[in-house]
Amino acid sequence: MAAGYARKFMPLSKVKEKEFLSRPMGCKGVGFSFVRCKPGQGATYVHRHKVQEEVFIALKGDGTIILDGKRIKMPEGTVVRVGPKVWRALGNDSMKDVVVMVLGAVPPKGFPLGGRTLLGDGIPNRNKVPRWKKA
């Protein structure tokens with residue numbers, strides 16, 4: 001691969017539960033991942049961020065995102081931008097697998113911030129456990 005770019009092949013059929021791709025792609029200021037949620041499954045707690053905003057893009061299936069306690073359907077093709085202070089959880093209330101791309105970015109100073117998540121500034125609340133259901 002030439003300096004200045006990277007290429008990876010990731011067919012949606014091969015996406016596992018979480019595919020964090022920023023580091024393998026050599027990203028310096030953007031975080032992104034693919035997330036697969038099986039029917040009735042999803043995040044096991046809500047989280048928010050210090051400074052990172054996120055964009056969720058439903059690539060396959062009909063997902064659900066919980067934002068500050070409100071359930072929002074994400075049919076395939078839906079794009080949702082979430083500000084850093086909003087509590088969020090991604091999951092699947094449908095009967096078929098869901099694949100969502102998650103994008104996040106903060107100013108590149110100090111990137112990556114740590115952890116294995118997109119940019120490492122997440123604040124979990126493990127006391128708020130989403131209940132996913134199969135529709």
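Worth knowing before you read on, the calculation uses all heavy atoms, side chains too, and leaves out hydrogens, waters and symmetry mates.
Of all the heavy atoms in V30 and C27, the pair that sits closest is O-CB, 3.3 Å. Closest of all the heavy-atom pairs between P130 and A89 is CG-CB, 3.7 Å.
Looking at heavy atoms from C-beta onward, K133 lies in side-chain contact with D93 at the 4.5 angstrom threshold. At least one side-chain heavy atom of M10 sits less than 4.5 Å from a side-chain heavy atom of V15. Using a 4.5 Å heavy-atom cutoff, the side chains of H49 and R88 are in contact. At least one side-chain heavy atom of D97 sits less than 4.5 Å from a side-chain heavy atom of P39. Between K8 and E19 there is no side-chain heavy-atom pair separated by less than 4.5 Å.
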Please tabulate, for the side chains in residues 74-87, all donor-acceptor contacts under 3.5 angstrom to protein atoms that are two or more places apart in sequence or on a different chain.
| residue | atom | partner | partner atom | Å |
| --- | --- | --- | --- | --- |
| E76 | OE1 | G61 | N | 2.9 |
| T78 | OG1 | P75 | O | 2.6 |
| R81 | NE | E53 | OE1 | 2.8 |
| R81 | NH2 | E53 | OE1 | 2.9 |
| K85 | NZ | K50 | O | 3.1 |

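No continuous path of hydrophobic side-chain contacts links V46 to V55 [ILVMFWY only; heavy atoms under 4.5 Å].
Checking side-chain atoms of R36 against main-chain N and O of L12 turns up a donor-acceptor pair under 3.5 Å.
Interatomic distance, CD1 of I123 versus NE2 of H47, reported as 9.5 Å (0.5 Å rounding). Here the straight-line distance linking atom CD1 of I72 with atom CG of L90 works out to 11.5 Å at 0.5 Å rounding. Between K18 atom NZ and C37 atom SG the span is 8.5 Å, to the nearest 0.5 Å.
Hydrophobic cluster membership for I66: W132 (Ile, Leu, Val, Met, Phe, Trp, Tyr linked by side-chain heavy atoms under 4.5 Å, directly or transitively).
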